[in-house]
Amino acid sequence: MEDEELVDQKKYLEERCKPQCVKSLYEYEKCVKRVESDDTGHKHCTGQYFDYWSCIDKCVAPKLFKQLK
């Protein structure tokens, strides 16, 4: 039995789904640029970050669970 390198399917699918979530990524990057100028430390981009990853998760989940069955 040969040693085969295992590939993390979730990470692979995330990379494949990222192009479908460009709009969310753009909104997050726009926010990061806006927040960089905030010296108070009160502003953040948590919402945009989670929107981006939520988009990726929605794309990945059906494909990943189909492989796990």
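Because only heavy atoms are used, hydrogens play no part in the values below, and waters and symmetry mates are left out as well, while side chains stay in. Counting from 1, the numbers follow the sequence of the chain as shown.
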### Query
Is it true that Glu15 and Lys18 have a side-chain N and a carboxylate O under 4.0 angstrom from each other?
yes
Report all side-chain donor-acceptor pairs from residues 42-59 shorter than 3.5 Å, counting only partners two or more places apart or in another chain.
{"residue": "His44", "atom": "ND1", "partner": "Thr46", "partner atom": "N", "Å": "3.3"}
{"residue": "His44", "atom": "ND1", "partner": "Thr46", "partner atom": "OG1", "Å": "3.1"}

#### Entry: Residue from Arg16, Lys11, Lys10 passing salt bridge (Lys or Arg N to Asp or Glu O under 4.0 Å) with Glu14
Lys10
### Task
For residues 28-42, pull every pair meeting salt bridge (Lys or Arg N to Asp or Glu O under 4.0 Å), keeping only residues two or more places apart or in separate chains.
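Every salt bridge (Lys or Arg N to Asp or Glu O under 4.0 Å) pair that includes a residue of residues 28-42, provided the two are not neighbours, is Glu27-Lys30.
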